[in-house]
Amino acid sequence: MRALVPGTFDPITLGHMDIIARAAEIFEEVIVVVAASEAKGPWFSLAERLRLAKEAVAELPGVEVDSFDGLLVQYAQRSGSRVIVKGLRAVSDFEYELQMAHTNRSLAPDIETLFVMTSAQYSFLSSRIVRELATFGADVSGLVPPNVVAPLAARVAERTGEANHRQP
Ligand code: PNS
């Protein structure tokens with residue numbers, strides 16, 4: 001059976017990798033789907049997020065990466081995926097995830113959302129936290145796949161340059 005692991009992946013973290021690897025142990029095929037999420041004003045372009053995710057999962061058997069813009073359930077139907085796998089870190093994730101799961105189910109009752117509890121060591125981790133830590137120069141090498149470290153530092157440097165450039 002084929003399952004999707006969707007997200008904005010801005011950038012992909014070890015928390016995401018934990019969920020993807022565990023999904024790949026259960027399902028024959030897993031597609032990591034990178035949402036355009038332009039409304040979220042992502043740090044990395046869709047092409048960069050896709051590339052970083054592809055590099056990060058390259059060694060995981062049965063895992064592919066793709067991108068989509070639009071409704072996730074439409075992508076699921078197009079790709080013949082019956083299951084959406086989401087990670088749950090804490091109660092704070094639950095309300096939003098429940099709302100999305102119900103919305104997706106009302107749109108496509110044949111597609112099931114399954115929740116996996118994030119491993120305790122990553123229960124605090126999010127792409128937003130990683131971006132914030134990187135902005136202030138913290139070492140994020142224990143939080144993101146190795147291929148993400150340099151592009152993240154480069155993006156921080158670019159953004160700092162852009163901000164300085166804007167100073168009067
Ligand atoms: O990593 P994120 O940003 O929490 O992922 C959220 C994502 C991309 C999975 C979610 O926003 C999504 O599915 N977006 C596609 C639009 C959609 O299908 N919306 C209906 C469900 S509310």
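Please read all numbers here as calculations on a predicted model, not as lab measurements. Just follow the structure's listing: the first ligand is 1, and inside any ligand the first atom is 1. In what follows, residues are counted from 1 in the order of the sequence shown. Hydrogens, waters and symmetry mates play no part in the numbers below; they use all other heavy atoms, side chains included.
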Colleague: Show me a pair-per-line table, with atom names and distances to 0.1 Å, of protein N or O atoms that are under 3.5 Å from an N or O of ligand 1.
Modeller:
unit_1: ligand 1; atom_1: 1 (O); unit_2: T8; atom_2: N; d: 3.0
unit_1: ligand 1; atom_1: 3 (O); unit_2: T8; atom_2: OG1; d: 2.6
unit_1: ligand 1; atom_1: 3 (O); unit_2: K40; atom_2: NZ; d: 2.3
unit_1: ligand 1; atom_1: 18 (O); unit_2: L72; atom_2: N; d: 2.8

Colleague: Is it true that R82 and D110 have a side-chain N and a carboxylate O under 4.0 angstrom from each other?
Modeller: no
Colleague: Evaluate side chain to side chain contact (heavy atoms under 4.5 Å, CB included) for I31 paired with S79, printing each intermediate quantity in order.
Modeller: CA-CA 9 Å; I31 311 178; S79 61; 4.2 Å; yes
Colleague: For residues 57-74, which residue pairs qualify under salt bridge (charged side-chain N to carboxylate O under 4.0 Å, His left out), counting only residues two or more places apart or in two chains?
Modeller: none
Colleague: Under 4.5 Å between any side-chain heavy atoms of I12 and V144, yes or no?
Modeller: no
Colleague: Can you tell me which residue pairs pass the salt bridge (charged side-chain N to carboxylate O under 4.0 Å, His left out) test with a partner in residues 39-55, sequence neighbours excluded?
Modeller: R51-E55
Colleague: For residues 12-23, pull every pair meeting salt bridge (charged side-chain N to carboxylate O under 4.0 Å, His left out), keeping only residues two or more places apart or in separate chains.
Modeller: D18-R22
